[in-house]
Protein chains: 2
Amino acid sequence: MESQLNPHISVDCVVFGFSPNGIKVLLVKRELDKLNESPTPSYDLKLPGSLVYNDELLDDAASRVLKELTGIENVFLERFEVLDSLDRMKNQKDKEWLESTTGLTIDRVISVAYFGLVNLADSELNGLSERSKWVTLESAIQLPFDHSKIIQRARELLLHSAGTEPIAFDLLPEKFTIFQLQQVLEVFNGSGIDSRNFRKKLKTLDFIVPLAEKQINVAHKPAQLYKFDRKRFMQFRKQKNASFI
Amino acid sequence: MESQLNPHISVDCVVFGFSPNGIKVLLVKRELDKLNESPTPSYDLKLPGSLVYNDELLDDAASRVLKELTGIENVFLERFEVLDSLDRMKNQKDKEWLESTTGLTIDRVISVAYFGLVNLADSELNGLSERSKWVTLESAIQLPFDHSKIIQRARELLLHSAGTEPIAFDLLPEKFTIFQLQQVLEVFNGSGIDSRNFRKKLKTLDFIVPLAEKQINVAHKPAQLYKFDRKRFMQFRKQKNASFI
DNA sequence: AATACTTAGCGTAACAAATACACTAAGTAT
DNA sequence: ATACTTAGTGTATTTGTTACGCTAAGTATT
């Protein structure tokens, strides 16, 4: 078994970028010049994804492909779906592009989709490659292959796991205020949360731990700072219908 | 694209058999004669699973393979895991067996695991093929490939998703009473349910559909019959904290 | 024919949780 | 001084969950 690309198995990464304004998704440019030999450079956008090496784990392939295509690393990627539809390659252009970039004959590719989340304000994201691009969810339509559908499914996953998985706290600093947590959750489920009821609910949760500290240098009443207790959260989520929103 | 086996993609089915006494899992015999040419027929047991055809959907492949190997059909199979470990074929015997039965050269196989549940009391199970066998979970250890691990994961799934997945309805007949549904759920979460509150709750769920029929020839007041609407259930589970128990 | 037994099925009161909404507090910026 | 922003508490209402009482409609037993 040599280290060669498996022509039947690929990974695709849906990486959402969080900002207070909304959620964006990370796409990469696909050069289309080689196909039609047009004089002007042309490209379209697709999810970062590629074929998997025969001696490579899927999780490793997802991280590698994301790093190679976008420059982003150290993102926790979660496997969430298998795409096996027979018409994934129905657009002849997609098949030709894949064959020309890999040098392989492509008949059928099954893709394993990964999900990741980063904070667009993080300085670590400065290493973003030039060929990659953050776009709004509204503009991520009519992508090649079934990538629009994959993004749609990832968005549903994000919505569903906002209250049951600890992903919100990956976007917050070590010490955060209730207002900050609320803003993150509001972006996730796309609607406003009543801050008074939200505070009431949080008081019943032992994994949101108040610190002996307050905000400083803010142009309003300084807020109590809290930290996230991951261990207690893991206990909490074992309950029957555990959701904190 | 012709109808030929894809040497890189397989499906494996974990089918649990439910009975009041306990849970069993369905395995198939694997003939080992051809390999070692021993005079006495020898076999071991494995999960029903096989390679996928290039023009075949994974869901279809799972149903086909289960039918071919065990004779069981019309079982709802749910995709629940992807097995991509590099040492799945570490046992040379497994690789040789797969190559001899498929006539293909095998380097790496990624397997998509499916989960199903049937009632051992169902008469439909009489069509069970001779090469398949129900075994207790305790005895389903040290199976070929990573099949023991897959069964272990499926068992965790069974324990944790009684109220969020439609598995309970795989054990019930097409037309069932509320009491029957309650009994199955009581086995899953190991404790009694108040039948009056349970009925009240079910009335709010649109995927439990009352039929224009009642039980006949029962030694008590005949009960209303219901059917399970899987489509509506799939909508229901998309809700925020969807659990029906 | 009366009675026991079994599952079916409705109702009601107490309690817990989610929601809607009013108000005051403490800081900075102008 | 006043406006602006986020912080934080309280209360009343609606909705959902739980505990439990009771009657209904069949067959089996005596």
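None of the values given here were measured: they were computed from a predicted structure. Naming: A, B, ... by sequence-line order, numbering from 1 per chain.
Computed from coordinates, the N217(B) CG to dT7(C) P distance equals 17 Å when rounded to whole Å. Rounded to whole Å, atom P of dT9(D) lies 14 Å from atom CZ of F198(A). The distance from atom CD1 of I216(A) to atom P of dA26(C) is 19 Å, rounded to the nearest whole Å. One atom, CZ of F176(A), and another, P of dA7(D), lie 13 Å apart when rounded to the nearest Å. Rounded to whole Å, the distance from CD on Q215(A) to C1' on dT28(C) is 13 Å. Remark: P of dG16(D) and NZ of K203(B) are 15 Å apart, rounded to the nearest angstrom. Going from atom CD1 of I193(A) over to atom C1' of dA18(C) covers 13 Å, rounded to whole Å. Atom CD1 in I245(B) sits about 12 Å away from atom P in dT18(D), given to the nearest Å.
Annotation: Y114(A) is not in aromatic contact with F80(A) [ring centroid separation under 6.0 Å not met].
In this pair, F207(A) and F236(A) present their aromatic rings tilted. The plane angle is within the 30 to 60° band.
Contact check for E73(A) versus S63(A): no side-chain heavy atoms found under the 4.5 Å cut-off. Taking the side chain as every heavy atom from C-beta outward, L45(B) and V28(B) never approach each other to under 4.5 Å.
In a base pair of the Watson-Crick type (N1 to N3 plus N6-O4 or O6-N4) or a G-U wobble (N1-O2 and O6-N3), with each distance short of 3.5 Å, dT13(D) is matched with dA18(C). Nucleotide dA29(C) is matched to dT2(D) when pairs are restricted to Watson-Crick or G-U wobble geometry with both distances under 3.5 angstrom.
At the heavy-atom level, Q224(A) lies under 4.0 Å from the strands shown only through sugar-phosphate atoms. Base contact: D194(B) has a heavy atom under 4.0 Å from a base atom.
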**OP:** Start with the C-alpha gap between S161(A) and T164(A), add the side-chain angles, then the distance that decides, and say whether side chain to side chain donor-acceptor pair (under 3.5 Å) holds.
**Re:** CA-CA 5 Å; S161(A) 53; T164(A) 54; 5.3 Å; no
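For N197(A), taking side-chain heavy atoms from C-beta onward, the closest of the listed nucleotides dA29(C), dC21(C), dA8(C) is dC21(C).
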Using atom names, set out every protein N or O paired with an N or O of nucleotides 15-17 of chain C below 3.5 Å, distance rounded to 0.1 Å.
none

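Scanning both residues, T177(A) and Q180(A), for their nearest heavy atoms gives N-OE1, 2.8 Å.
Annotation: K29(A), atom NZ; neighbour count of heavy atoms from other residues, nucleotides and ligands within 6.0 Å is above 12.
Between K221(A) and dT28(C) there is no side-chain polar atom (N or O) within less than 4.0 angstrom of OP1 or OP2. Not one side-chain nitrogen or oxygen of K214(A) sits closer than 4.0 Å to the OP1 or OP2 atom of dA26(C). Contact check, R199(B) against dA8(C): a side-chain N or O comes under 4.0 Å of OP1 or OP2.
Mapping Y226(A) and K200(A) onto DNA chain D by nearest heavy atom places Y226(A) closer to the 5' end of the strand. Between H220(B) and I178(B), the one whose closest nucleotide on DNA chain C sits nearer the 5' end is H220(B).
Taking only distance into account, the side chain of R196(A) meets the base of dA22(C) through a donor-acceptor pair shorter than 3.5 Å.
With E78(A) contributing its side chain and F115(A) its backbone, the two residues share no donor-acceptor pair below 3.5 Å.
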